[in-house]
Structures are given as C-alpha cells and as structure tokens.
Amino acid sequence: MKKYRLNKYLYPALIITLFFLCSCAHYQKNLPQTDIHQNEPYTFDAFNQPRDADETFVILTFSGGGTRAAAFSYGVLEEMKNTQLPGLNKTILDEADIISTVSGGSFTGAYYALFGPRIFTDFKEKFLYRNIQKELALSLMNPANWLRLSSPYFSRIDLAAELYDTTIFEAGTFKSLADRKKRPFLIINATSLYQGSRFEFTGEQFNYIGSDILSYPIARAVAASSAFPFLLSPISLINYPYPDEYKMTDADKMALKDYWNNKSRYYNAFNNTMYADKKGHSYLHLMDGGLADNIGLRAVNDLYLRGGIRKKINSGEIKRLLVIVVNAKNEPQETLDKNESPPGLSTVALKTATVSMDNYSFETVESIKKLFADRIEAQMNLDGCQQKLDEHCKDGYKLPALAGGKMKLYVVDISFDNLPDNDEKNFLKHLPTTFHLEKNEVERLISAGRLLFKGHPEFKAFMDEFK
Amino acid sequence: MEYLLVKFREARGVIIDGISEGMTNEVLELETGTHSVTLEAPPDFTPELHEFLLRKTSVISPKVISFEKV
C-alpha cells in the first residue's frame with residue numbers, strides 16, 4: 001500500500017521535474033568581450049602574410065543553395081587544388097586569401113578553412129553524401145528533444161547546430177581558425193532579422209555587439225548562415241555592453257556624416273553602430289545569409305571599397321586580384337504560373353520569404369565588375385595622359401603615380417548558365433535546395449564546378465599572366 | 001571611386017579614417033564621402049589633421065591636400 005502511494009506521487013513528480021529541467025534548455029550563448037583587443041586574432045589584418053605573398057590575391061565566394069551549393073563549390077576547390085601556377089611551386093588554391101560564404105556554401109568554405117586539404121579526403125562522407133535533412137528530422141522526433149524544444153530559449157536551429165558541431169566541425173570555434181594562422185580568412189555571412197542587413201562572423205562585427213568571437217562555435221555560425229526561412233528558426237546572439245575602453249572607430253564617425261554623400265557607406269556604419277543601443281537591441285536574431293546576399297559577394301565589395309583589400313591596394317601590395325564567384329542558383333520546377341487560381345497562404349508565405357534571395361545576385365556581380373573596370377580605366381587614363389604630356393611637353397613633368405600601380409583584376413563568375421551542355425544545365429538547375437541529394441547528383445555538381453572553373457575565359461586570362 | 005593626393009615633402013605613411021593606408025605623394029583611391037587624413041609619426045607636420053568631403057575627382061584631377069613640415 002505504502003509502495004503504491006510512493007509510486008503514485010514519485011513518477012509524476014519525476015516527470016514534472018524532468019520536464020522542468022528540460023524546458024530550461026537554453027541555446028549556447030555567445031560570451032561577452034572582456035577587453036577591446038580580444039577579437040583581434042579573428043580579423044582580416046591578423047591573417048596577414050609576408051608582403052610579397054599578396055601579389056596574387058585570390059578571393060572565393062560560395063553561394064547558398066543547400067547541398068547543391070556545397071557540392072558545386074567543392075568542385076571548384078578541387079579544380080583549384082589541381083591547378084598549378086606556371087613557374088611557381090604552388091597551386092591556385094594555395095593562393096586563396098579570403099572565402100566569403102552563405103548558407104549551403106558555408107559548409108564547404110568553413111570545412112576548408114578549418115581543416116585545409118583534409119576536405120578532399122573526408123568531406124564527401126561527412127557532409128555531401130549525407131542525408132542531413134533526415135538526421136535533423138530524426139533529431140526532432142527524439143522525445144528527449146521534445147522537452148528541450150518546449151523551452152522558449154531552445155529551438156530547431158539549436159538542434160541543427162549541435163548536429164553540425166558534433167558530426168562535421170568537431171567542436172571547432174573561431175579560435176581554432178585563428179590558431180591555424182593560415183589563410184584563407186573565412187567570412188561566414190548571415191542576415192540580421194531586425195535590419196535585414198548582412199551580419200558577418202568576424203572579429204570586427206563581434207566588436208559591435210561587445211562579444212567574444214573566438215569562443216563561438218563555427219557550427220552555430222554555419223547554422224545561422226543556413227537557417228532557411230520557415231524550415232529553421234533563427235540563431236540568437238546577445239548584444240553585450242562594451243568593454244570600458246571601447247570607442248567608435250574613426251571610419252564609422254566619418255561614414256555617419258555621409259547620409260547625403262554616400263548612402264551605402266552611411267548605412268553600413270549605421271547598421272553596425274546601432275548595436276551601441278544596448279537596451280533597444282539587447283539581442284540579435286540571425287537567419288539565412290541569402291536573405292541579404294545569396295552569393296557572399298557584398299562582404300568582398302565592402303572590403304574592396306573601404307576595408308582590408310582597399311588598404312592593401314593603396315599600400316601597393318596587390319598586383320593581381322582574382323575574385324571567383326561560385327553561384328549555385330537554381331530554377332526550381334514550379335507550376336505556379338499554370339494555374340488560374342492564386343497559390344495558397346503557405347506557398348505565398350514561403351515565396352515571399354525567399355523570393356528576394358537571388359533577385360540581386362546578378363547585380364552584385366555586375367557591381368564588382370564595374371568597380372574593377374573603373375580601376376582599369378583609371379590606370380589607362382593616367383597612362384594616356386602621361387604619354388600625351390611626354391609627347392607635347394618638354395619639361396618632363398610626371399603625373400603622380402596611382403597607388404597600387406597597374407593592377408590586373410579578374411572576376412570569374414561560375415554558374416550553371418555557363419554550362420555548354422543544355423541537358424546537364426537543365427538537370428543541375430532543377431535540383432532543389434535541400435540538405436540531401438543523391439550521390440550521383442553530388443558527383444555531377446562537383447564535375448560541373450571543376451569544368452566551369454577551368455574553362456572560364458577570365459580564369460584563362462588570369463593564368464596567361466603567369467606564362 | 002574618388003582620388004586623393006596627400007602632399008608632403010617626403011614619403012610618409014598616410015592614415016585615413018584612423019587606418020594606415022598608402023603613402024604621401026601618390027594618388028590614393030578612396031570611397032566617396034567624408035574622410036579624415038593625417039600622417040604617421042613622427043608628429044613633425046602641420047596641420048595635425050585634414051577633414052574633408054571627397055567627391056567629383058578623377059585620377060588625373062585628384063583632390064590635393066598638403067601637410068607642411070615643422
């Protein structure tokens with residue numbers, strides 16, 4: 001009788017206690033910064049190399065697109081590894097200085113930045129061939145996780161981040177990347193839900209939120225970058241008070257005066273410095289990087305205009321600048337336009353949330369091409385004027401030289417549209433955005449990446465430079 | 001892009017918006033907008049800082065600012 005009474009109260013009490021404990025589950029918090037220099041090891045400047053090493057400066061951007069994007073960018077990396085630079089004892093991959101990634105492309109970029117050439121031995125098994133989608137679904141069906149998910153501070157994206165952390169990135173953090181002291185410098189891009197602006201996982205960006213980047217897991221950054229709307233929930237970060245010595249940078253002070261002169265510069269500074277309002281923005285919620293820029297090129301654009309690349313150009317360190325844009329944009333087969341009746345609410349909601357993802361990718365590529373064309377034009381104008389002066393003026397006047405001299409600039413934009421074989425093009429363009437593709441689909445994507453990279457006319461022109 | 005020439009009687013590192021970037025007496029390429037410019041140490045120049053709006057320049061007609069040695 002006594003035993004019965006004990007069971008009667010004990011089991012419900014145990015269940016309630018368990019439920020209470022599990023519903024206290026909390027996402028892994030980012031930690032506060034204790035001094036203003038704490039994030040320096042994970043800034044572009046800290047990844048500096050000997051001065052002459054930057055003569056050839058190579059930047060890669062990997063787009064979103066789930067496993068399709070991850071495999072396509074892997075193919076490009078593989079071809080780069082196999083491409084020897086004429087006259088030099090290194091490959092084009094050895095020259096990679098920056099990788100800027102979004103969503104599916106973040107898996108490949110982060111894996112290479114963290115583990116280097118090991119990617120060519122185990123990444124296919126560890127990610128590309130896996131059915132991540134099914135594993136995430138199984139994790140959601142696990143009753144232990146139901147209790148954790150009942151907490152308002154733990155959601156589907158945290159389960160995904162745990163899966164990536166244990167099975168792909170081996171608990172690697174940004175300190176692991178900084179400790180490698182080896183380029184490429186990785187920029188993982190997500191989107192801030194509040195502003196709809198790009199949020200990058202770098203020391204500079206974490207300074208604005210008073211947080212330590214070194215202790216932050218790469219898996220959570222990748223999860224934020226690939227938190228596809230509706231399917232996954234946002235990753236949250238805490239916006240901490242600044243360390244005592246913190247002050248706004250001169251560059252931001254100047255940029256905030258530029259509302260009427262240069263809105264791009266103004267809003268870049270505005271979006272970052274708004275986190276100084278710690279009460280109004282105590283937390284940040286991050287989603288798929290593709291919502292702000294689905295090809296990862298805006299990070300490069302910013303570095304070229306006003307960041308580390310601009311500094312290197314004005315300091316004469318770069319002679320050749322090569323930007324490789326790997327864009328796995330697809331054209332999903334949809335029947336929307338075949339029906340007279342409008343699509344339902346869920347279809348409209350998903351479309352509304354994702355339709356912007358590739359809208360401006362083309363323009364972003366054109367914008368960087370225009371910047372490069374302007375630079376080449378400036379070099380030619382200066383040369384042309386000097387020639388005229390030499391011909392017509394006898395006093396030997398020399399125009400001041402342009403910092404950085406006669407740079408060579410190349411944009412290699414790789415997408416399925418470049419494929420010569422229409423059947424293959426259509427096949428790849430119709431692959432869905434998912435974290436599960438068949439093995440043969442993955443292999444065809446890898447082959448396409450390799451083929452398109454080595455056959456690109458701008459890449460051929462770049463290689464001719466070395467002959 | 002805009003173009004800036006920082007004149008000084010010797011070659012000296014230039015600090016633009018708080019960041020060391022390029023040298024005096026060569027044309028620097030910068031973004032349109034408000035910039036602050038000073039020189040690297042030693043502090044033997046005047047003025048201490050130029051702050052100005054950089055726009056409507058070209059590579060053959062850059063904005064010119066000067067520092068004098070003291």
Side-chain angles (χ1 to χ4, degrees), chain A residues 44-45 204 247-266 268-269 301-317 370-386 388-389 398-405 407, chain B:
Chain A
F44 178 64
D45 282 351
E204 287 95 341
K247 56 181 184 182
M248 188 186 283
T249 64
D250 289 348
D252 283 336
K253 282 182 202 163
M254 294 297 119
L256 289 173
K257 296 178 181 183
D258 276 342
Y259 179 78
W260 294 109
N261 307 314
N262 183 343
K263 286 202 171 60
S264 151
R265 187 183 188 220
Y266 170 83
N268 184 275
N301 192 70
D302 289 350
L303 285 169
Y304 182 86
L305 287 174
R306 62 186 80 96
I309 299 174
R310 172 59 33 209
K311 181 177 165 181
K312 286 190 176 295
I313 290 172
N314 279 338
S315 302
E317 293 175 44
K370 170 81 169 60
L371 282 172
F372 285 11
D374 288 348
R375 168 73 193 200
I376 291 166
E377 191 180 315
Q379 292 170 184
M380 289 169 68
N381 284 343
L382 196 62
D383 270 4
C385 282
Q386 187 61 58
K388 293 287 177 204
L389 283 172
K398 296 289 176 202
L399 290 165
L402 177 60
M407 282 170 56
Chain B
M1 298 300 282
E2 305 290 340
Y3 299 89
L4 172 71
L5 178 63
V6 183
K7 282 192 168 179
F8 191 54
R9 61 189 258 190
E10 62 194 56
R12 179 78 64 91
V14 177
I15 299 172
I16 303 170
D17 304 332
I19 297 163
S20 289
E21 184 170 328
M23 302 293 289
T24 52
N25 306 319
E26 57 181 18
V27 178
L28 303 170
E29 208 177 25
L30 294 173
E31 198 177 10
T32 303
T34 313
H35 295 282
S36 67
V37 173
T38 186
L39 302 182
E40 289 182 350
D44 56 352
F45 53 86
T46 187
E48 275 182 35
L49 187 86
H50 283 279
E51 187 179 313
F52 53 88
L53 175 61
L54 186 64
R55 66 173 178 176
K56 294 183 178 172
T57 62
S58 75
V59 70
I60 50 173
S61 178
K63 180 173 181 68
V64 179
I65 60 167
S66 302
F67 288 93
E68 300 301 326
K69 187 126 178 165
V70 290

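Note that this is a predicted model, so its numbers are computed, not measured. A note on names: the letters A, B, ... follow the listed sequences, proteins ahead of strands, and every chain is numbered from 1.
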Side-chain heavy atoms of A:Asn314 within contact of B:Glu29, under 4.5 Å: yes

Do A:Met254 and B:Ser36 touch side chain to side chain, with heavy atoms closer than 4.5 Å?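 A:Met254 vs B:Ser36: side chains touch.
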
Inter-residue atom distance [X].[atom1] - [Y].[atom2], 0.5 Å rounding:
X: B:Leu30; Y: A:Arg310; atom1: CG; atom2: CZ; result: 7.0 Å
X: B:Ser20; Y: A:Asp45; atom1: OG; atom2: CG; result: 10.0 Å
X: B:Thr38; Y: A:Asp250; atom1: OG1; atom2: CG; result: 10.5 Å
X: A:Leu399; Y: B:Glu26; atom1: CG; atom2: CD; result: 14.0 Å

Let me see the working for A:Lys311 and B:Glu21 under salt bridge (Lys or Arg N to Asp or Glu O under 4.0 Å), right down to the final yes or no. CA-CA 5 Å; A:Lys311 181 177 165 181; B:Glu21 184 170 328; over 6 Å; no

Within a 6.0 Å radius of atom [atom1] on [X], are there more than 12 heavy atoms belonging to other residues, nucleotides or ligands?
X: B:Lys69; atom1: NZ; answer: yes
X: B:Lys7; atom1: NZ; answer: no
X: B:Glu68; atom1: CD; answer: no

How far apart are the closest heavy atoms of [X] and [Y], and which atoms are they?
X: A:Asp374; Y: B:Tyr3; result: O-OH, 4.4 Å
X: B:Leu28; Y: A:Ala403; result: CD2-CB, 3.7 Å
X: A:Asn381; Y: B:Ile60; result: O-CG2, 4.3 Å
X: A:Asn261; Y: B:Gly33; result: CB-CA, 4.4 Å
X: A:Ser315; Y: B:Gly22; result: OG-N, 3.4 Å

With a 4.5 angstrom heavy-atom cut-off, could you sort out which part of B:Leu54 is near chain A: side chain, backbone, both or neither? neither

Are B:His35 and A:Lys257 close enough, and set up right, to give a side-chain contact (heavy atoms from CB on, under 4.5 Å), and what steps lead you there? CA-CA 10 Å; B:His35 295 282; A:Lys257 296 178 181 183; over 6 Å; no

Side-chain donor/acceptor of A:Arg265 to backbone N/O of B:Thr34, under 3.5 Å: yes

Go through the atoms of A:Leu371 and report whether side chain, backbone, both or neither lie under 4.5 Å from a heavy atom of chain B.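 A:Leu371 touches chain B through side-chain heavy atoms alone.
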
We want to know whether B:Thr32 and A:Asn262 form a side-chain donor-acceptor pair, criterion being a heavy-atom distance below 3.5 angstrom.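 No, because no side-chain N or O of B:Thr32 sits under 3.5 Å from a partner of the opposite role on A:Asn262.
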
Looking at chain A, which one of B:Ile19, B:Val14, B:Asn25, B:Leu53 has the largest number of heavy-atom pairs inside 4.5 Å, strictly under?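 That would be B:Leu53.
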
